[in-house]
*Asks:* 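Quick one: the structure is below, and I'll ask about it shortly.
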Amino acid sequence: MAGLQLAAASDAQPVPPCKDEAPIAASSPWQIRLRALRVITNDKGSVGAIPGSGLSYSDTVTPELDISYYFTDNLAAELILGTTRANIYGAGTISGLGKIGKVGVLPPTLTLQYHFTDFGAFRPYVGAGVTYTMFYNQDAGSADALDVKNTFGRALQVGFDYRLDQHWGVNFDVKKLFLEPKFDVAVGGTNFTGKAKLDPWLIGTGVTYSF
């Protein structure tokens, strides 16, 4: 009898796993977002040697790409990449200068984020980091010459992702950059220095893709 039981056990076929128990593929820590970004500047600044002088800047809309890496489900680093061009206008006692010049702005910004994961598909986050803003293709308008200096700044961030499925989602994001670059400008053959207090808001919305 024992021999028959052993033979029956050896002839038994393994039970196939239930379809509902299929393993879930591990997700990649990489994520990208493509946003439409509204850049709203703070219209402050001055030319050092001209009392009552002020500056204002054009607001812009530009596409933006960002790349995120998740160290854990909650902790991630995000690098944003985007560029735009902005006009600089005289204000206050130098408002008669009109458009002083136009510059390209490239502000790569790196933030460390904390993502809240207790709300299902809704994933809010906060972040803080640094930016190194570069100014290029600087064209003088009413000024004879214009040179806005590259500068470091700080960044604060709040936003959320809403996951549509394993890979796709939608995103809304707000950043505040604290930027006060110095500049050199020549007007009427006289050289001046000053500071542009940009401190822009970056307000973006777009799509998210997780690998």
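One-based numbering along the sequence shown.
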*Asks:* When you measure from the side chain of Asp199 to the backbone N and O of Leu179, does any donor-acceptor pair fall under 3.5 Å?
*Replies:*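 Yes.
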*Asks:* Could you check if a side-chain atom of Tyr89 sits within less than 4.5 angstrom of a side-chain atom of Leu55, using non-hydrogen atoms only?
*Replies:*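 Result no, sub-4.5 Å side-chain heavy-atom pair not found.
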*Asks:* Holding to side chain to side chain donor-acceptor pair (under 3.5 Å), I want the full list of residues that pass it with Thr93, two or more places apart in sequence or in another chain.
*Replies:*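 Scan of Thr93 (side chain to side chain donor-acceptor pair (under 3.5 Å), adjacent residues dropped) gives none.
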*Asks:* Hey, could you give me each pair passing salt bridge (charged side-chain N to carboxylate O under 4.0 Å, His left out) that has a residue in residues 134-145? Not counting sequence neighbours.
*Replies:*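 Pairs touching residues 134-145 that pass the test: Arg85-Asp139.
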*Asks:* Measure the OG1-CG distance between Thr133 and Leu177 for me, rounded to the nearest 0.5 Å.
*Replies:*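 That separation rounds to 6.5 Å.
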*Asks:* So does Asp165 pair up with Arg163, basic N to acidic O under 4.0 Å?
*Replies:*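 Looking at Asp165 and Arg163, the cut-off is not met.
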*Asks:* Of all residues at least two apart in sequence or in a different chain, which pass the salt bridge (charged side-chain N to carboxylate O under 4.0 Å, His left out) check with Asp184?
*Replies:*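 With sequence neighbours excluded, Asp184 shows a salt bridge (charged side-chain N to carboxylate O under 4.0 Å, His left out) to Lys149, given in chain and number order.
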*Asks:* Could you state whether Val61 and Trp201 fall into the same hydrophobic cluster, counting links through intermediate Ile, Leu, Val, Met, Phe, Trp or Tyr residues with side-chain heavy atoms under 4.5 angstrom apart?
*Replies:*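 No; tracing contacts between hydrophobic side chains, which count when under 4.5 Å, never links both residues.
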*Asks:* Just jot down the ring pair (Phe, Tyr, Trp, His ring centres under 6.0 Å) partners of Tyr125, sequence neighbours excluded, or say none.
*Replies:*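 Checked Tyr125 against ring pair (Phe, Tyr, Trp, His ring centres under 6.0 Å); matches are His115.
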*Asks:* Output the distance between atom CG (Leu112) and atom OH (Tyr114), rounded to the nearest 0.5 Å.
*Replies:*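 Those atoms lie 11.5 Å apart.
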*Asks:* Got a second to check how far Asp73's CG is from Phe116's CZ, nearest 0.5 Å?
*Replies:*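 Rounded to the nearest 0.5 Å, the CG-CZ separation comes to 14.0 Å.
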*Asks:* Tell me if the NZ atom of Lys176 is crowded by more than 12 foreign heavy atoms within 6.0 Å.
*Replies:*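 Check passes, neighbour count above 12.
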*Asks:* Given the rule that I, L, V, M, F, W and Y join up when any side-chain heavy atoms are under 4.5 Å apart, are Ile50 and Val185 in one cluster?
*Replies:*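 The answer is yes; both residues are in one hydrophobic cluster.
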*Asks:* Can Asp59 and Thr41 be counted as having a side-chain donor-acceptor contact under 3.5 angstrom?
*Replies:*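 Yes.
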*Asks:* Quick one: CG on Leu79 to OG1 on Thr111, what's the gap to the nearest 0.5 Å?
*Replies:*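 These two atoms lie 8.5 Å from each other.
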*Asks:* Which residue pairs pass the ring-ring contact (aromatic ring centres under 6.0 Å, His included) test with at least one member in residues 36-60, sequence neighbours excluded?
*Replies:*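 Counting only pairs at least two positions apart or across chains, no ring-ring contact (aromatic ring centres under 6.0 Å, His included) contact touches residues 36-60.
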*Asks:* For the side chain of Thr84 and the backbone of Thr60, is there at least one donor-acceptor N/O pair under 3.5 Å apart?
*Replies:*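 Pair absent, no side-chain N/O of Thr84 close to backbone of Thr60.
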*Asks:* Do Val126 and Phe178 sit in one hydrophobic cluster, given that two such residues count as connected whenever their side-chain heavy atoms are within less than 4.5 Å of each other, even indirectly?
*Replies:*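 No.
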*Asks:* Let's go through Val103 and Asn137 carefully: what are the C-alpha distance in whole Å and the side-chain angles of both, what is the deciding distance for side chain to side chain contact (heavy atoms under 4.5 Å, CB included) to 0.1 Å, and is it a yes or a no?
*Replies:* CA-CA 6 Å; Val103 299; Asn137 289 352; over 6 Å; no
*Asks:* Can you name the nearest heavy-atom pair linking Val187 to Ala143, along with the distance?
*Replies:*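 Closest heavy-atom pair between Val187 and Ala143: CG2-CB, 4.1 Å.
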*Asks:* State, yes or no, whether a side-chain contact exists between Asn74 and Thr117 at a heavy-atom distance under 4.5 Å.
*Replies:*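 Heavy-atom side-chain distance check passes, below 4.5 Å.
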*Asks:* Sequence neighbours excluded, which residues qualify as side-chain contact (heavy atoms from CB on, under 4.5 Å) partners of Ser46?
*Replies:*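 Listed in chain order: Ser53.
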*Asks:* Verify side chain to side chain contact (heavy atoms under 4.5 Å, CB included) between Leu198 and Asn42, making sure each step is shown before the conclusion.
*Replies:* CA-CA 5 Å; Leu198 302 174; Asn42 184 15; over 6 Å; no
*Asks:* Can you find a pair of side-chain heavy atoms, one from Pro108 and one from Met134, that are under 4.5 Å apart?
*Replies:*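 Contact flag for Pro108/Met134 side chains = yes.
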*Asks:* Mind listing the closest non-hydrogen atom pair of Asn191 and Ala186 along with its distance?
*Replies:*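 Closest approach of Asn191 to Ala186: OD1-CB, 3.4 Å.
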*Asks:* Nearest 0.5 angstrom please: Ile40 CD1 to Ser58 OG, how far?
*Replies:*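 That separation rounds to 12.0 Å.
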*Asks:* Using salt bridge (charged side-chain N to carboxylate O under 4.0 Å, His left out) as the criterion, list what pairs up with Lys195, not counting sequence neighbours.
*Replies:*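 For Lys195, the residues satisfying salt bridge (charged side-chain N to carboxylate O under 4.0 Å, His left out) (neighbours in sequence not counted) are Glu180.
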*Asks:* For residues 30-38, which side-chain donor-acceptor pairs fall under 3.5 Å, sequence neighbours excluded?
*Replies:*
residue : atom : partner : partner atom : Å
Gln31   : OE1  : Arg33   : NH2          : 2.9
Gln31   : OE1  : Tyr70   : OH           : 3.2
Gln31   : NE2  : Ser210  : OG           : 3.0
Arg33   : NE   : Asp161  : OD1          : 3.1
Arg33   : NE   : Thr208  : OG1          : 3.4
Arg33   : NH1  : Asp66   : OD1          : 3.4
Arg33   : NH1  : Ser68   : OG           : 3.2
Arg33   : NH1  : Glu78   : OE2          : 2.9
Arg33   : NH2  : Asp161  : OD2          : 2.7
Arg35   : NE   : Asn171  : OD1          : 2.7
Arg35   : NH1  : Glu64   : OE1          : 2.7
Arg35   : NH1  : Asp66   : OD2          : 2.8
Arg35   : NH2  : Asp66   : OD2          : 3.1
Arg35   : NH2  : Glu78   : OE2          : 3.2
Arg35   : NH2  : Asn171  : OD1          : 3.3

*Asks:* Quick check against the 3.5 Å criterion: does Gln138 have a side-chain atom that pairs as donor or acceptor with the backbone of Val148?
*Replies:*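 Confirmed, Gln138 side chain pairs with Val148 backbone.
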*Asks:* Please check if the side chain of Asp173 supplies one atom and the backbone of Ile203 the other of a donor-acceptor pair under 3.5 Å.
*Replies:*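 Pair absent, no side-chain N/O of Asp173 close to backbone of Ile203.
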*Asks:* Could you tell me which residues satisfy ring pair (Phe, Tyr, Trp, His ring centres under 6.0 Å) with Trp168, sequence neighbours excluded, listed by chain and number?
*Replies:*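 Listed in chain order: Tyr209.
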*Asks:* For Phe160, enumerate each residue passing the ring pair (Phe, Tyr, Trp, His ring centres under 6.0 Å) test, keeping only those at least two apart in sequence or located in another chain.
*Replies:*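 Phe122.
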*Asks:* Can you tell me how far NZ of Lys182 sits from CG of Asp147, rounded to the nearest 0.5 angstrom?
*Replies:*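 Those atoms lie 13.0 Å apart.
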*Asks:* Please lay out, stage by stage, how Thr109 and Thr131 fare under the test side chain to side chain donor-acceptor pair (under 3.5 Å).
*Replies:* CA-CA 4 Å; Thr109 302; Thr131 180; 3.1 Å; yes
*Asks:* Taking only residues two or more places apart in sequence or in another chain, which ones pass side chain to side chain donor-acceptor pair (under 3.5 Å) with Ser142?
*Replies:*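 Here no residue qualifies.
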*Asks:* Just jot down the ring pair (Phe, Tyr, Trp, His ring centres under 6.0 Å) partners of Phe71, sequence neighbours excluded, or say none.
*Replies:*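 By the ring pair (Phe, Tyr, Trp, His ring centres under 6.0 Å) rule, Phe71 matches Tyr69.
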*Asks:* Walk me through whether Phe135 and Asn150 qualify under side chain to side chain contact (heavy atoms under 4.5 Å, CB included).
*Replies:* CA-CA 6 Å; Phe135 300 91; Asn150 299 342; 4.1 Å; yes
*Asks:* Could you pull out the closest heavy-atom pair between Leu156 and Ala128, with the gap in Å?
*Replies:*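 Distance-wise, the nearest heavy atoms are CD2-CB, 3.9 Å.
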*Asks:* Give the C-alpha distance, both sets of side-chain angles, the deciding distance and a yes or no for side chain to side chain contact (heavy atoms under 4.5 Å, CB included) between Thr151 and Tyr132.
*Replies:* CA-CA 6 Å; Thr151 187; Tyr132 182 70; 5.9 Å; no
*Asks:* Could you check whether atom CZ of Phe192 has more than 12 heavy atoms from other residues, nucleotides or ligands sitting under 6.0 Å from it?
*Replies:*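 Atom CZ in Phe192 is crowded, with more than 12 foreign heavy atoms closer than 6.0 Å.
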